[in-house]
Protein chains: 2
Amino acid sequence: MPKIRVTLKTIASKLGISVPTVSRALKDYPDISKETKTAVLKLVDELHYIPNNLALNLRKNKSNIIGVIIPEVVHFFFSSVIKGIMQTAENHGYSVLLTQSQEQLKLEKKHAKLLFSSHVDGLLVCLSDETKSFDHFKIFEEFNIPLVLFDKVLDTDTISHVIINDREGAFQATEHLIHQGCSNILFLKGPKDPLNTIERFNGYKDALEKYNIPLDSSNIKSCPHITRPEAYHLVEKVIKEGQLFDAIFGVSDILSIGALGACQDNGIKVPEKVCIIGFSDSEMCEITRPQLSSVYQPGFEIGEKSTLKLIQEIQHIENDGEQKAEQIILKSSLKIRESSNRILKTFC
Amino acid sequence: MPKIRVTLKTIASKLGISVPTVSRALKDYPDISKETKTAVLKLVDELHYIPNNLALNLRKNKSNIIGVIIPEVVHFFFSSVIKGIMQTAENHGYSVLLTQSQEQLKLEKKHAKLLFSSHVDGLLVCLSDETKSFDHFKIFEEFNIPLVLFDKVLDTDTISHVIINDREGAFQATEHLIHQGCSNILFLKGPKDPLNTIERFNGYKDALEKYNIPLDSSNIKSCPHITRPEAYHLVEKVIKEGQLFDAIFGVSDILSIGALGACQDNGIKVPEKVCIIGFSDSEMCEITRPQLSSVYQPGFEIGEKSTLKLIQEIQHIENDGEQKAEQIILKSSLKIRESSNRILKTFC
DNA sequence: TAATATTACGTAATCGATTACGTAACCGAT
DNA sequence: ATCGGTTACGTAATCGATTACGTAATATTA
């Protein structure tokens, strides 16, 4: 036999007063007598009254919920982002309704609609690889529900977004490899479309250009699924075919780790013969032997900054303010470890 | 200038009919004329009417939201669980409100209350390490809101829970090490209280007993924070102090990986001199050299099964059925790789 | 003493949707 | 011509909380 939920009505009828009086007593309105207030507070405490958020949200047209659409949860980078989002949201009194697009536009659309109907106060989205337009987010704009994109975005100057400087990060990584004496650098890229893949490639090109190293298109290799075995087999094939290279830059740690394995299993010493660097600086980088150099991608910070921006926009709108889109670019930075460090003499 | 949300009222007044008529037209009630229905449907389509879930939830006293409290998001195992939860919830028309306890009882309590006031239809919880009682979940029981625990639970036969057979898994791992000829097995344990840590230790003991190997308490080492450096330094210290051992079983992959590093950096060959096995079978196991053997912990499946159980209980309650607690035990299994495999001759 | 001010509430509307119930208009049948 | 039945709606209540407004009862002042 489940208990019936305690509402203001419960308390009102127990005290023989009206519901609004109870409400006002709880909110300490000046026109409620002290006796009534203490009586209400006492009952509230005894009966463990907990306000019904659904009713509050309906009334106030505000849910204190932030909707999040992310492509994939099981991923070091994204889980860091989620943590950043949740921590920041919680600190500001917001809850997080989390959904997963699984890199599918169809699901992204579905979740956008669901989150809209759930009256989220704002939306944080990392676009799926399939997404090519913002059409399905138009309703949020129309109804003045703030939307902030992060990490994977499309070109826009009307929607705020938080990204990291992929181009700069990739540039630094490539330059670092060049400083190690490498000039024949394999570039392992991911799916072709996302802006950050493209930017990383641009950074790679920038560095080659700066040092007058011609771009060799046979050095550009594609791993569209971004899996370790994919990179492993690809690099192994390159080795077996006798293609020469002295460094590998993968757009994702997992690719570089696959590449590292292929080198090791084929007798190529890292970093002596080949320097390797990854992207993201995930946990795994410290686990490989040699440890993997990588471009640090501040996942937690992206989550944090996007959420802060979103909350700021929410509050701005509540105060009827006009809002202009802002682009926030976070810095990536190099984490140099053994896999690309020839100066720090290593082991094995 | 934000648009005003389209509600049933908008449509009703545009057509000069009443709100309930619009509602019934949309739900295809038989006592609404075809003309009215088509007119309503046409407007609904034109104005992009989207129902207000808040209002629906309030009316139906059902939110279609599942609350989740998890200790930590950035963790291979937990992110797999979350994925299992989200996928299953979505398939059954539920959304997921995710919160993080950060292993703090205080936050767990806070989130429980918040989720209750948000009228979640059910609650999935992985208890924090600090949690010693279910007191803060009593309200859910009282109001007949289903609660399902997973992974880290306390002893209970009134609350359904989904766990893996830690004892069996640890037994198999230890037995496997013994089969490799090891008899002096370091056991790296985590925080002392959680049931699964205890169970893993029991599995370890069971195996030793079966093979008549005396339990040497100096082989039991504690890594309460479960970090890689912790395990690294601990094992390094053991080596430097000259304590002998021929295998290491860590209750978490990250501990075993730390241990592996310590062995390698101190000239101890794995698996020739020391066999190592971990627990969870996270991504990282395939990345180390030698690759790390581990006890596979079905994260996705735990999420999936807990959610299914929860939804089943929710639906059961909606049909006024009585519900009895169920314990679901998932099987863990051995993933044997190079770090504990002396038969499959490895490298370097 | 009568007019006014203050105190401490209650009434009614509201948020958006649903649903039990009531009813006007029209039908055919007696 | 009146009755009963059907059709196609509208009215009112409801979910739980908030808030503008109204109003008795008492207190204060002219």
Side-chain angles (χ1 to χ4, degrees), chain A residues 2-41 43-44 47-65 116-121 143 145 318, chain B residues 2-41 43-44 47-65 116-121 143 145 318:
Chain A
K3 276 200 200 173
I4 303 295
R5 294 226 187 202
V6 178
T7 68
L8 292 189
K9 206 172 167 185
T10 322
I11 295 171
S13 65
K14 289 230 183 212
L15 291 176
I17 58 181
S18 73
V19 170
T21 303
V22 178
S23 170
R24 281 176 294 216
L26 270 175
K27 307 192 83 193
D28 205 27
Y29 273 52
D31 62 347
I32 302 294
S33 72
K34 269 173 202 145
E35 297 78 48
T36 308
K37 279 180 186 169
T38 54
V40 167
L41 287 174
L43 255 188
V44 158
L47 302 179
H48 300 111
Y49 166 73
I50 295 184
N52 184 335
N53 271 345
L54 293 180
L56 278 172
N57 296 343
L58 176 61
R59 185 84 228 286
K60 299 202 274 190
N61 200 24
K62 175 158 171 58
S63 61
N64 279 304
I65 291 178
F116 180 81
S117 69
S118 295
H119 278 239
V120 293
D121 289 344
F143 291 94
I145 300 168
E318 281 165 5
Chain B
K3 275 199 200 174
I4 303 296
R5 294 226 190 203
V6 178
T7 69
L8 291 190
K9 207 169 162 186
T10 321
I11 294 170
S13 65
K14 289 231 183 212
L15 292 176
I17 58 181
S18 75
V19 170
T21 303
V22 178
S23 170
R24 280 175 297 215
L26 270 175
K27 307 191 83 193
D28 206 26
Y29 272 51
D31 62 347
I32 302 294
S33 71
K34 270 175 201 141
E35 298 76 48
T36 307
K37 278 180 188 171
T38 54
V40 166
L41 286 175
L43 255 189
V44 158
L47 303 180
H48 300 111
Y49 165 73
I50 295 183
N52 184 333
N53 272 345
L54 293 180
L56 278 172
N57 297 343
L58 176 61
R59 184 85 226 286
K60 299 203 272 188
N61 202 24
K62 174 160 170 58
S63 62
N64 279 302
I65 291 178
F116 180 81
S117 69
S118 295
H119 278 239
V120 294
D121 289 343
F143 292 94
I145 300 168
E318 281 165 5

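No experiment lies behind these values; they were computed from the predicted model shown. Residue numbering restarts at 1 for every chain, and letters A, B, ... go by the order of the sequence lines.
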Which part of the nucleic acid, if any, lies within reach of [X] when heavy atoms closer than 4.0 Å are counted: base, sugar-phosphate only, or nothing?
X: Pro20(B); result: base
X: Leu54(B); result: nothing
X: Lys9(A); result: sugar-phosphate
X: Arg5(B); result: nothing
X: Ser18(A); result: base
X: Asn61(B); result: nothing
X: Leu56(A); result: sugar-phosphate

Could you check whether any side-chain heavy atom of Ile50(B) comes within less than 4.5 Å of a side-chain heavy atom of Val6(B), counting everything from C-beta outward? no

Which comes earlier along DNA chain C counting from the 5' end, the contact point of Ala55(A) or that of Val19(A), where each point is its nearest nucleotide? Val19(A)

In terms of the nearest nucleotide of DNA chain C, which residue is placed more toward the 5' end: Leu58(B) or Lys27(B)? Leu58(B)

Determine which pairs satisfy salt bridge (Lys or Arg N to Asp or Glu O under 4.0 Å) with at least one residue from residues 24-38 of chain A, sequence neighbours left out, and list them in order. Asp28(A)-Lys37(A)

Please find the earliest and latest nucleotides of DNA chain C, in the 5' to 3' direction, that have an atom within less than 4.0 Å of any heavy atom of chain A. dA8(C) to dG16(C)

Has Lys9(B) got more than 12 heavy atoms of other residues, nucleotides or ligands less than 6.0 Å from its NZ? no

